[in-house]
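Notes to accompany the following structure.
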Amino acid sequence: MEYNFKQTEKKWQKIWEEKGTFQVGTDYSKPKFYALVEFPYPSGQGLHVGHPRSYTALDIVSRKKRLQGFNVLYPMGWDAFGLPTENFAIKNHIHPSVVTEKNVAHFKEQLQSLGFSFDWSREINTTDPNYYKWTQWIFLQLFKEGLAYKKEMAVNWCPSCKCVLANEEAAGGVCERCGSEVVRKVKSQWMLKITDYAEKLLNGLDDVNFIERVKTQQRNWIGRSHGAQVKFKTTAGDVLEVYTTRPDTLFGATYMVMAPEHALIEKWQGSLRNMDQIRAYQEAAARKSDFERTEVVKEKTGVKLDGVCAINPVNGKEIPIFISDYVLASYGTGAIMAVPAHDERDYAFAKVFGLPIVEVVKGGDIEKEAFVDCATGIMTNSGFLDGLSVEEAKVKITQWLAEQGVGEKKVNYKLRDWVFSRQRYWGEPIPIVHCPKCGAVPLPEDQLPLVLPDVDSYEPTETGESPLAKMTDWVNTTCPCCGAPAQRETDTMPQWAGSSWYFLRYIDPHNDQALASKEAMEYWLPVDWYNGGMEHTTLHLLYSRFWHKFLYDVKAVTCPEPYAKRTSHGMILGENGEKMSKSRGNVVNPDDIVNEYGADTMRLYEMFIGDFEKAAPWNSASIKGCKRFLDRVWALMDICVAGDIRPELESNFHKTIRKVTEDVEGLKMNTAIAAMMALLNDIAATGSVTREELRTLIILLNPFAPHVTEEMWEVLGFEGMLNQTNWPLYDEAKCVDATVEIAIQICGKVRAKMNIAVDAKGEDVIAAAKAEASIAAQLAGKTVIKEIYVPGKLVNIVAK
RNA sequence: GCCGUUGUGGCGGAACUGGCAGACGCAAGGGACUUAAAAUCCCUCGGUAGCAAUACCGUACGGGUUCGAUUCCCGUCAACGGCACCA
């Protein structure tokens, strides 16, 4: 009997939908399992073969957990605000919500054709006012707690289009739309104080099960360092404050560097004799992004301030001050003390400007390069610090600075506050009213959601304000505080807002009293397993942890960390090994694969393609192997006879059950599939299969290929639906074979093999190995120095 | 530049905690079935030499530790992800 995947897959998808098979009950007595994948941005291009990699993997986990008796929540939704939809709307004069609706419908149809066990009754959409009501509510709580504030920030500005550009739209310093040069313009922006949570975000990592590289990257992104803040007096009278992780090297500070944007420059205007030169340099620096500025390879540039000097507090020496773009305004105090002998960037700068390089830590050769190692060095040329180790010197100088009142111990973070404003239309309106008397006033909660009004044009305004600024009817309102005429905030939120808390909404998606009910939160939180891309590690994942920790502090959620476990999948590349993209012409459409091979084959192939965590190139030819495997499993029904698992296959079955059970937990789907393929080969070699063998095999395969296995279950006449049966158990004792083949090595090289009983004693095995004809011959005339037996693996005889 | 990661046959990949490198699959070659093709089934398949048994080489490159290294350490090269307004 031929297997018709088209008909069968549709049949089961319909049954699952009609019966609500994967709808999650509210039976809170069962153990729960909450599996989460990153919800997609519904782009106009439709689903990409990259999306199902993550979705299939956790679908397999979810289906297996259900078979193991868990109450599983596996939801899906749409992260639908964002730039591409807005740009499409501008170009084609279609409302973004219309575009979104169409894209969502397309995505949903594509996802459903792959047979994912999502609970569609809990579908959410970040652009739905009933959803973003709560996104706005969270913003209000942040505002009330003082974590949302306004600040002047530099943004990318296209002077020709007169609009703010996203970094992506300003790649290479050129406007993506018109090609003109992008400048940095200062604008007042809403900011979120994520830095207040730096310590909590760091410490929380100790309590969660995230893959190590995600933790490392988050730790580095937060970038905690211990050092000192030091005050340098200047000849202008003001104090120039710096942060340093190397206060021990203070005696070696021979000059200072400020970021070109540093506020003191403006204050010192009167004293500075080379203001023209300074202005020119500031303008040049404004055009560069932070990471262009910090590149080490390029020649260091800068301008010496003519008219103001600093005074080194340890020795009273006057030292020059420079501005240079390698110092960033956004890190530390925006100024540094430069110690060229012990910092590579300072060294390079000092060489260019001919500044003195004073060695204060012995151990390197400062004629050649900066000596940066602080583990081994001994202090020198440093007065009362001489002879101390770097660590001792750090402690002593920090104490001294504190005693003198010119510095203090300081913990610093690389993490910067979150720029939360966008001058765009397609985002959540920020629920704030600006009153001339009361200032920024939060909208009362009973006025939420503040609905995004319809506008005629989605183009930003001449001044770079959001398109909402043109909606005077909407903008003009009254102050919720004093009733006087006031104006609404016209900036919108970034796309990160809606995705920072979406997992909370799935657990109680229709609640209009709260984000989710306490009861639902207590049962479902935290997310048990969250899978997503590595590219979201430092932004989305950190932002959502921040919001969650905040919500925990204001008692709006019931646990301190949102995600108990985080894993990451690799990208699926084009057949040529490059990233899939329209412009490269190497995009594979999942619809084509489903049509030609079926959803089960597609799912199996995406899991078999390689190591889940690594990038893997698509290969059309290889898909056939997965189709062939499913066809061979189907064909087993032709040779099926009554009976239990046969003794000669017993250990194969137990080993395979163990392998699949463990590999699914470890996201090693490729080796789980390989194990099932090997089992099929072993069964096929016997020429028949028993009912019980087939039953066990198709339960194991069900999470991977749910349609064909469900159909086989029905054809074979087993009771009920396969997805409601139990996952098979294995017996550790039955996974072992009686004999095992081991290798015999001489000096680490395999020279022979032999079969031994699994429980054979070491000395007997070694004796047997030496008795082996070819081994005996090669050992003749040599002295045995060492004999090693690794149980069940090998014997190694070292001889001379 | 900074942070993180990766590098194994013609290809995707496998290999426990330092223990037989190449599981499983694709492609390729040979054979069976067929009027023929597709499908299916069987065999071979890292390189060099050899009829063969077998020997030597081989996990990006150069060193090191070890009885034994794809695995650990040091260095080099190449590729990929992120760098805060793409998501």
Side-chain angles (χ1 to χ4, degrees), chain A residues 38 40-41 43 79 81-84 153 155-156 164-171 189 194 212-214 216-221 223 289-298 326 330 345 414-424 494-496 499 533-540 542-543 568 570-571 573 577-579 605 608-611 613-626 628-629 631-632 635 668 670-671 673-678 681 684 741-750 752-753 774 785-799:
Chain A
E38 286 166 352
Y41 174 66
S43 71
D79 189 14
F81 277 127
L83 208 50
M153 284 293 296
V155 294
N156 300 309
V164 177
L165 298 178
N167 283 345
E168 191 188 54
E169 298 173 298
Q189 306 267 27
I194 189 172
E212 212 44 52
R213 60 197 165 119
V214 167
T216 310
Q217 227 169 296
Q218 288 213 346
R219 286 192 184 111
N220 291 343
W221 184 259
S289 68
D290 280 0
F291 74 94
E292 280 171 315
R293 289 170 48 165
T294 48
E295 269 181 71
V296 155
V297 279
K298 61 152 206 192
Y326 79 95
S330 51
R345 289 155 306 176
K414 280 211 181 82
L415 185 68
R416 310 208 294 256
D417 277 342
W418 177 2
V419 184
F420 200 68
S421 290
R422 298 291 183 273
Q423 291 72 44
R424 298 281 174 174
Q495 192 176 24
W496 307 112
S499 60
M534 249 350 253
E535 68 273 21
H536 293 117
T537 302
T538 49
L539 299 180
H540 160 67
L542 203 64
Y543 289 155
S568 250
M571 249 198 295
L573 307 171
E578 289 173 24
K579 195 172 170 175
Y605 175 63
F608 192 57
I609 195 166
D611 183 336
E613 294 199 341
K614 289 187 202 152
W618 188 264
N619 184 330
S620 313
S622 295
I623 302 170
K624 257 187 257 176
C626 294
R628 219 172 266 165
F629 168 64
D631 286 342
R632 288 178 68 207
K668 294 180 187 300
N670 52 339
T671 49
I673 294 167
M676 289 187 282
M677 286 173 166
N681 290 343
E741 192 188 56
I742 66 161
I744 308 172
Q745 295 183 335
I746 296 177
C747 296
K749 293 204 169 184
V750 180
K753 298 194 173 183
S774 64
I785 299 166
K786 204 168 178 181
E787 291 163 336
I788 297 147
Y789 173 56
V790 182
K793 301 281 182 193
L794 53 74
V795 170
N796 187 13
I797 299 163
V798 186

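Residue numbers start from 1 in every chain, and the chains themselves are labelled A, B, ... in the order their sequence lines are given, proteins ahead of strands.
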Winner on side-chain proximity to Y41(A), out of G81(B), A87(B), C85(B), is A87(B)

Residue closer to the 5' end of RNA chain B, L415(A) versus R213(A) (nearest nucleotide): R213(A)

Its glycosidic angle compared against 90° from 0, G9(B) adopts the form syn

Apply side-chain contact (heavy atoms from CB on, under 4.5 Å) to M677(A) and list each qualifying residue two or more places apart in sequence or on a separate chain. F608(A), F629(A), I673(A)

N/O donor to acceptor pairs below 3.5 angstrom from side-chain atoms of residues 787-795 of chain A, sequence neighbours left out:
{"from": "E787(A)", "atom 1": "OE2", "to": "K770(A)", "atom 2": "NZ", "distance (Å)": "2.2"}
{"from": "Y789(A)", "atom 1": "OH", "to": "G792(A)", "atom 2": "N", "distance (Å)": "3.3"}

So if I take every side-chain heavy atom of A621(A) and compare against C26(B), C85(B), G4(B), which nucleotide ends up nearest? C26(B)

Parallel, tilted or perpendicular: which fits the ring planes of W418(A) and Y543(A), with parallel below 30° and perpendicular above 60°? parallel

Provide, to the nearest angstrom, the distance between the CD atom belonging to Q218(A) and the C1' atom belonging to G4(B). 12 Å

Quote, to the nearest angstrom, the C1' distance that separates A32(B) from A39(B). 14 Å

Between C67(B), C24(B), U40(B), which nucleotide gets closest to the side-chain atoms of M677(A)? C24(B)

Who are the side-chain contact (heavy atoms from CB on, under 4.5 Å) partners of R213(A), not counting sequence neighbours? I211(A), M534(A), S568(A), E613(A)

Is a side-chain donor or acceptor of E38(A) paired with a backbone partner of G533(A) at a separation under 3.5 angstrom? yes

Shortest side-chain distance from N156(A), nucleotide among G25(B), C85(B), A27(B): C85(B)

C1' gap between U76(B) and G9(B), integer Å: 25 Å

Side chain D417(A), main chain I194(A), donor-acceptor under 3.5 Å: yes

Pick the P atom in G18(B) and in C74(B), then give their distance to the nearest Å. 16 Å

Side chain to side chain, K614(A) and I609(A), heavy atoms closer than 4.5 Å: no

Intra- and inter-strand pairing of RNA chain B, written as dot-bracket with Watson-Crick and G-U pairs under 3.5 Å and | for the latter, reads (((((((..(((......[....))).(((((.......))))).((((....))))..(((((..]....))))))))))))....

Distance check, P atoms only: G22(B) and A28(B), in whole angstrom units. 24 Å

Go through C24(B), A21(B), G4(B) for me and flag the one nearest to the V750(A) side chain. A21(B)

Picking from A84(B), G4(B), C86(B), the nucleotide nearest the side-chain atoms of R416(A) would be A84(B)

Protein-to-nucleotide contact annotation, 5' to 3' order, nucleotides 9-19 of chain B [B base; S sugar-phosphate only; - none; under 4.0 Å, heavy atom]: ---BSS-B--B

side-chain contact (heavy atoms from CB on, under 4.5 Å) between W496(A) and H540(A), intermediate numbers included: CA-CA 6 Å; W496(A) 307 112; H540(A) 160 67; 3.7 Å; yes

Please pick, from G4(B), G25(B), C83(B), the nucleotide with the shortest atom-to-atom distance to any side-chain atom of W221(A). C83(B)

A23(B) and A14(B): how far apart are their C1' atoms, nearest whole angstrom? 5 Å

From the candidates C67(B), C26(B), A87(B), the one with an atom nearest any side-chain atom of L539(A) is A87(B)

Tell me which of V214(A) and K579(A) sits closer to the 5' end of RNA chain B, going by the nucleotide each one is nearest to. V214(A)

With a non-hydrogen cut-off below 4.0 angstrom, is R219(A) in contact with a base, only sugar-phosphate, or nothing? nothing

Is the closest side-chain heavy-atom distance between Q423(A) and Q189(A) below 4.5 Å? yes

Once you apply a heavy-atom cut-off of 4.0 Å, does H540(A) come out as touching a base, just sugar-phosphate, or nothing? nothing

Base, sugar-phosphate alone, or nothing: which one does Q423(A) contact when heavy atoms must sit under 4.0 Å apart? base

Those residues that, when tested against P40(A), pass side-chain contact (heavy atoms from CB on, under 4.5 Å) (two or more places apart): H51(A), Y55(A), M76(A), W78(A), F107(A)

For Y543(A) and G82(B), give me the distance from atom OH to atom P, rounded to whole Å. 15 Å

Find the distance F81(A):CZ to C85(B):P and express it as a whole number of Å. 18 Å

Any donor-acceptor pair under 3.5 Å linking the side chain of R424(A) with the backbone of V164(A)? yes

Give the rounded distance in Å between these two atoms: OH of Y326(A) and P of C2(B). 15 Å

Please give the distance between the C1' atoms of A79(B) and U8(B) as a whole number of Å. 16 Å

